Amino acid sequence: MEERNFEMDKVFSPQEVETRLYEEWEQKGYFTPERVPGKKPFVIMMPPPNITGQLHMGHALDTMPQDVLTRYHRMLGEPTLWLPGTDHASIATEVKIVDALKAEGLTKQDLGREKFLERAWEWKEEYGGRITRQLRRLGASCDWTRERFTMDAGLNKAVVEVFVRLYEKDLIYRGDRIINWCPVCKTALSDAEVEYEEQQTSLWHIKYPGPDGRDIIVATTRPETMLGDTGVAVNPNDPRYDGLVGKTVTLPIMNREIPIVADDYVDLEFGTGAVKMTPAHDPNDFEVAMRHNLPLLRVLNDDGTMNEAAGKFAGMTRMDCRRAIVKELEELGLLVKTEPLTHNVGTCYRCHDTVEPLVSTQWFVKMKPLAEPAIDKAKSGELKFVPERFTKTYYNWMENIRDWCISRQLWWGHRIPAYYCDSCGHTVVARENPETCPKCGGAVRQDEDVLDTWFSSALWPFSTLGWPDETEDLKYFYPTSVMSSGYDIIFFWDARMIFSGLEQMGSLPFDTVLLHGLVRDEQGRKMAKSLGNGIDPLIMIDKYGCDALRFSLAMGVSPGSDIRMSEEKIESFRNFANKIWNASRFVLMNLDGEQPIDVLSIPKDQLEPSDRWILTRYQQAVRTVSQNLDALDLGLAAQKIYEFAWNEFCDWYIELCKTRLNGEDAQAKGVARAVLYHVLMGILKLLHPYMPFLTDEVYRYLPGSGPSIMIDRWPVVDETLDFVADAERMEGVMDIIRGVRNLRAEMNVQPGKRATLILGAHPGWEDTLAASENYFKRLAFTSQLELLHEGDKAPGKCASMVTPAADIFIPLGELVDIPKEVQRLNKDLQNVQREIARAEGMLKNPGFLSKAPETLVQTEKEKLETNRQVLTSLESRIKELEQLV
RNA sequence: GGUCUGUUGGCUCAGUUGGUAGAGCACAUCGUUCACAUCGAUGGGGUCACUGGUUCGAGUCCAGUACAGACCACCA
């Protein structure tokens with residue numbers, strides 16, 4: 001048995017505790033579940049952070065709910081797996097490495113693919129470790145023995161397998177389509193990777209000279225694309241262009257004749273009713289061009305400069321070319337007008353430069369067949385989003401989904417398993433490099449491109465468990481229980497995991513998606529490096545402790561909504577942690593190093609009213625917290641624990657216990673100790689998912705505790721410890737105590753000065769009040785308790801107040817100012833009258849009596865009864881006082 | 001253009017089947033006796049954005065208005 005130290009410091013110092021306990025938890029294997037056949041496991045897959053990432057508040061917000069749920073279910077005794085890992089983050093990482101090379105005066109081409117990848121792996125080793133170390137500092141109880149990386153061998157195998165299967169099912173194809181091209185990252189992007197930004201630009205109206213002087217005016221926000229125009233489209237029913245369809249206009253500057261075509265796509269009402277067609281650089285134009293066999297003419301290079309097709313503009317940047325074209329059109333007198341326009345411009349989600357739509361040969365996933373079952377699962381209710389409103393967001397995306405461009409012109413990522421034969425042009429998609437062409441035997445070369453980073457993330461719930469191999473882990477832990485992610489990645493990630501799970505595994509990867517919001521600063525702005533308004537979670541942990549930070553991300557937060565972070569908030573929960581620490585210290589000091597007897601074995605008649613009250617309230621807290629956690633209402637559960645621990649246990653019960661603890665009655669002392677221990681232990685357990693360090697540290701000080709609270713069992717509700725009626729009596733006593741304090745504070749009575757307390761008990765309360773003398777002495781500065789009996793004369797010059805249980809009188813002699821007393825009592829009187837009127841109105845109402853639930857009618861009746869009693873007391877007291885004047 | 005969310009005390013936010021409005025911070029007064037000043041006691045402060053409707057009863061349900069915000073689509 002290891003030696004325990006029962007001396008706790010006066011203040012909780014988290015720093016030392018956090019590293020010590022975390023190391024121990026991990027080393028002892030507490031994070032690693034056992035597979036127990038027949039027992040349903042609880043499983044969460046951690047959204048893998050980017051290897052390039054530095055821990056920020058977003059990670060903390062993401063981690064908190066997962067760890068809370070994991071720790072809760074572990075304490076429920078379920079085999080619990082929270083699987084961590086990191087994401088190679090293809091484009092984000094590659095951009096960073098390219099930047100780093102640039103600082104050395106190198107490009108990635110200088111290095112070559114092989115050397116570049118070596119370098120990337122070095123990055124992975126260095127920074128992938130950094131982020132996982134930082135996650136540990138958040139107290140994350142994930143199973144590091146199962147840590148995965150999206151590019152490790154197993155996951156790579158899964159990626160290739162899925163690619164091949166989808167290809168074989170004709171769900172992956174290669175073709176020329178308009179895609180979003182980032183000229184800075186020099187790669188294709190998926191639709192989801194484009195962010196639209198409102199920008200101020202111009203709409204240029206340009207005259208294209210037509211036949212017989214019938215010129216056509218078109219408008220554009222991107223004049224440089226006119227170099228690639230291969231037609232002009234008008235609506236077939238537009239009288240303005242009668243007789244022109246089939247003829248040509250002259251493309252200015254290039255002096256090319258381009259055809260006029262008729263297409264319904266053109267809106268008669270909008271602008272001039274004529275649209276220039278740049279099929280190689282506009283998705284809509286592309287569609288029209290396909291219908292009319294217009295040629296595609298690319299005028300942009302991959303780096304965003306103009307290519308040879310742009311003639312004399314070749315080599316210019318997009319913007320230079322735009323200015324040159326506008327100038328030349330002006331000189332030619334073909335620029336009809338320029339009007340200012342605000343419109344949304346697509347930008348790259350990584351580098352935020354303007355993306356260019358252009359035609360390119362890329363790989364795509366056919367989405368319709370995959371999206372349909374994914375939609376059905378949500379429609380049938382098998383898949384739930386929390387909060388529910390995001391289901392609509394999900395439908396909206398899934399139902400309007402376009403094919404997913406998955407190839408990226410990058411090096412860091414999963415290389416596309418497609419091989420091309422130069423001799424016969426055959427394409428092979430295979431799990432292994434075929435080396436030679438199966439058709440002609442010629443040499444093959446692998447596709448140069450890699451896959452969208454989200455392609456591998458989409459497989460995360462099963463690839464991490466060993467799929468495509470039929471591993472024991474896969475059989476036991478799939479499907480997972482809850483997916484927790486930010487609502488900003490529903491499209492990128494959640495949706496893709498859902499259809500991938502359905503397609504590859506035949507079942508949903510999880511049935512519930514728990515969404516959280518974004519972290520904002522005090523002013524509601526998104527935290528961003530550029531704004532410098534980020535609160536560094538690591539600094540906050542150093543300053544206030546991990547537990548305080550975690551609690552600040554949980555308490556009072558509702559699912560799916562953004563939260564505002566402030567240091568003050570974290571500080572207030574540091575104070576809460578300290579409060580629990582000191583309450584524990586108090587309990588511990590009173591245990592004399594011994595484990596008290598079990599509350600269940602205490603004869604019920606030995607339990608005092610205060611014991612009955614706190615036990616009842618405690619039972620209720622356990623019920624509420626458990627229910628809230630089951631319903632994924634983490635914010636409500638946290639609030640309940642906070643209130644119960646601080647406002648009921650600390651503020652009241654501990655104080656109520658002190659008389660017994662300092663008294664001579666050994667049996668009474670023992671009972672108080674047992675209840676204190678029982679409830680404190682329960683609080684620590686309820687709080688553990690949120691504040692793992694504090695709770696485990698305190699737990700270990702407590703006699704009779706196990707090796708760690710995190711592997712102990714969640715509190716159980718026991719009906720024999722519910723004393724609802726007794727608890728109500730106690731509340732009545734507490735009301736009196738509050739009343740006395742209130743009176744004294746109002747009259748500025750010296751704190752140390754004790755006074756006689758005279759109580760006129762209301763019917764049925766005599767015994768309770770007589771038995772509560774110690775409570776009044778301890779908490780209501782009472783020197784002596786006097787109970788008025790039937791027929792007793794009401795006390796004269798006293799401060800007085802009426803509570804539901806009794807009329808309170810405190811003889812305070814000179815301090816009592818009778819007119820002021822009357823005034824205050826009248827104020828109470830008015831409140832009670834108002835309340836009585838309300839209840840009477842309600843109870844007189846036949847609608848209420850017939851429709852409202854019976855219990856409610858009953859409580860209303862009781863309340864009314866009580867208030868009438870209070871009213872009577874108030875009235876007679878006021879009358880008495882008025883006679884004294 | 002479409003969809004969604006928010007509007008509750010000075011500030012930040014809770015409020016789960018509709019039943020006399022809550023917390024933290026801030027503020028005011030008092031307090032260092034043996035858990036805790038990272039504390040305790042007490043107090044002030046809200047027509048729950050506005051208008052109408054349903055209901056015996058609405059912060060809570062419905063409709064509309066105003067303001068704020070998010071996402072999706074992006075007509076040249």
Side-chain angles (χ1 to χ4, degrees), chain A residues 8 10-12 196 203 218-222 233 265-267 269-278 282-285 343-346 387 389-390 392-393 395-397 400 487-488 490-491 517-518 522 524 544 548 552 555-558 560-566 568-569 571-590 627-628 631 633 635-636 638-639 642-643 647 650-651 654-655 658 662 738 741-746 748-752 779 831 834-835 838-839 841-853 856-857 859-860 863 867:
Chain A
M8 291 169 70
K10 211 171 167 184
V11 171
F12 175 55
Y196 288 88
L203 184 63
V218 296
T220 182
T221 52
R222 295 186 297 158
Y265 156 73
V266 182
D267 185 351
E269 312 291 322
F270 192 87
T272 60
V275 186
K276 63 191 268 305
M277 288 289 119
T278 321
D282 182 282
N284 294 312
D285 295 1
H343 79 146
N344 288 327
V345 175
R389 70 182 123 96
F390 286 101
K392 212 160 180 176
T393 312
Y395 289 144
N396 191 28
W397 194 69
N400 298 300
Y487 63 71
D488 53 333
I490 292 177
F491 307 136
L518 273 29
E522 293 96 318
Y544 302 105
S552 73
M555 167 107 160
V557 172
S558 56
S561 54
D562 294 350
I563 66 166
R564 295 194 191 196
M565 234 324 131
S566 67
E568 289 73 36
K569 204 166 166 182
E571 190 182 352
S572 76
F573 294 118
R574 186 271 317 262
N575 297 351
F576 174 60
N578 194 239
K579 184 77 184 175
I580 298 298
W581 175 262
N582 274 292
S584 309
R585 199 159 71 95
F586 172 80
V587 173
L588 204 69
M589 279 165 52
N590 283 288
Q627 278 165 13
N628 285 333
D633 271 324
L636 290 180
Q639 212 161 35
Y642 183 96
E643 282 163 8
N647 303 333
C650 293
D651 289 349
I654 284 185
E655 296 306 324
K658 283 181 177 172
N662 297 333
R738 284 192 199 97
R741 288 169 172 174
N742 178 322
L743 283 176
R744 292 173 61 105
E746 232 168 77
N748 286 319
V749 181
Q750 283 199 323
L779 299 178
N831 285 333
R834 207 177 306 132
E835 182 50 26
R838 187 194 63 82
M842 216 175 197
L843 290 166
K844 253 187 251 159
N845 193 312
F848 176 72
L849 291 174
S850 60
K851 289 180 204 160
L856 188 65
V857 176
T859 35
E860 280 304 328
K863 272 199 277 183
N867 279 313

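Bear in mind the structure is a predicted one, so any value in this text is a computation, not a measurement. Numbered from 1 within each chain, the chains take letters A, B, ... in sequence-line order.
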5'-most by nearest nucleotide on RNA chain B - A:E643 or A:N628 = A:N628

For RNA chain B, whose closest nucleotide is more 5', that of A:N831 or that of A:D562?
-> A:D562

Rounding to the closest angstrom, what is the interatomic distance between [N] and [M] at atom [atom1]?
| N | M | atom1 | value |
| --- | --- | --- | --- |
| B:G22 | B:G45 | P | 14 Å |
| B:C50 | B:U55 | P | 23 Å |
| B:A73 | B:C62 | C1' | 29 Å |
| B:A28 | B:C67 | C1' | 34 Å |
| B:C39 | B:G24 | C1' | 16 Å |
| B:G1 | B:U60 | P | 29 Å |
| B:C13 | B:U7 | P | 10 Å |
| B:A21 | B:G59 | C1' | 8 Å |

Touch class at under 4.0 angstrom, heavy-atom based, for [X] against every strand present:
| X | result |
| --- | --- |
| A:Y642 | sugar-phosphate |
| A:V266 | base |
| A:A219 | sugar-phosphate |
| A:N662 | nothing |
| A:T859 | nothing |
| A:Q639 | sugar-phosphate |
| A:N284 | sugar-phosphate |
| A:T272 | nothing |
| A:K844 | nothing |
| A:L518 | nothing |
| A:Y196 | base |

May I have the step-by-step check of side-chain contact (heavy atoms from CB on, under 4.5 Å) for A:I490 and A:W397, ending in yes or no?
-> CA-CA 9 Å; A:I490 292 177; A:W397 194 69; over 6 Å; no

Look at the side chain of [X] and decide which nucleotide, out of [options], has an atom nearest to it.
| X | options | result |
| --- | --- | --- |
| A:K392 | B:C71, B:C39, B:C4 | B:C4 |
| A:V275 | B:A76, B:C25, B:U38 | B:A76 |
| A:D267 | B:A76, B:A35, B:A41 | B:A76 |
| A:I654 | B:U42, B:A35, B:C75 | B:A35 |
| A:C650 | B:A35, B:G43, B:A76 | B:A35 |
| A:R389 | B:U5, B:C74, B:A14 | B:U5 |
| A:E860 | B:G19, B:U29, B:G43 | B:G19 |
| A:F491 | B:G15, B:C56, B:C72 | B:C72 |
| A:K569 | B:U12, B:C36, B:U20 | B:U12 |

Mind calculating the distance between [atom1] ([X]) and [atom2] ([N]) to the nearest angstrom?
| X | N | atom1 | atom2 | answer |
| --- | --- | --- | --- | --- |
| A:W581 | B:A35 | CH2 | P | 16 Å |
| A:N647 | B:C39 | CG | P | 13 Å |
| A:N748 | B:G31 | CG | P | 9 Å |
| A:N396 | B:G2 | CG | P | 13 Å |
| A:K10 | B:U32 | NZ | P | 15 Å |
| A:E746 | B:U29 | CD | C1' | 12 Å |

Side-chain H-bond candidate by donor/acceptor type, A:Y544 with A:N578, under 3.5 Å = no

Could a donor-acceptor pair under 3.5 angstrom be found where the side chain of [X] meets the base of [N]?
| X | N | answer |
| --- | --- | --- |
| A:E655 | B:A35 | yes |
| A:N344 | B:C74 | yes |
| A:R564 | B:U12 | no |
| A:K579 | B:C36 | yes |

Going by purine N1 to pyrimidine N3 plus the second Watson-Crick contact, or the G-U wobble pair, all under 3.5 Å, which nucleotide sits opposite [N]?
| N | value |
| --- | --- |
| B:A68 | B:U5 |
| B:U20 | none |
| B:U60 | none |
| B:A28 | B:U42 |

Please check if the side chain of A:N742 supplies one atom and the backbone of A:R738 the other of a donor-acceptor pair under 3.5 Å.
-> no

Aromatic-base stack, A:F848 on B:C56, cutoff 5.5 Å, angle under 30 | no

Straight-line distance of A:E571 CD to A:S566 OG, nearest 0.5 Å = 9.5 Å

CE-CD distance between A:M555 and A:E643, expressed to the nearest 0.5 angstrom | 6.5 Å

Indicate yes or no: at least one non-hydrogen side-chain atom of A:R389 is less than 4.5 angstrom from one of A:Y487.
-> no

Is there a side-chain contact between A:T278 and A:R222 (heavy atoms, below 4.5 Å)?
-> no

After noting the C-alpha distance and the side-chain angles of A:N582 and A:M8, does the key distance pass the side-chain contact (heavy atoms from CB on, under 4.5 Å) rule?
-> CA-CA 9 Å; A:N582 274 292; A:M8 291 169 70; over 6 Å; no

Angle class for the A:W581/A:F12 ring planes (parallel below 30°, perpendicular above 60°, tilted otherwise)?
-> tilted

Report yes if a side-chain nitrogen or oxygen of A:T393 is closer than 4.0 Å to either non-bridging phosphate oxygen (OP1 or OP2) of B:C71; otherwise report no.
-> no

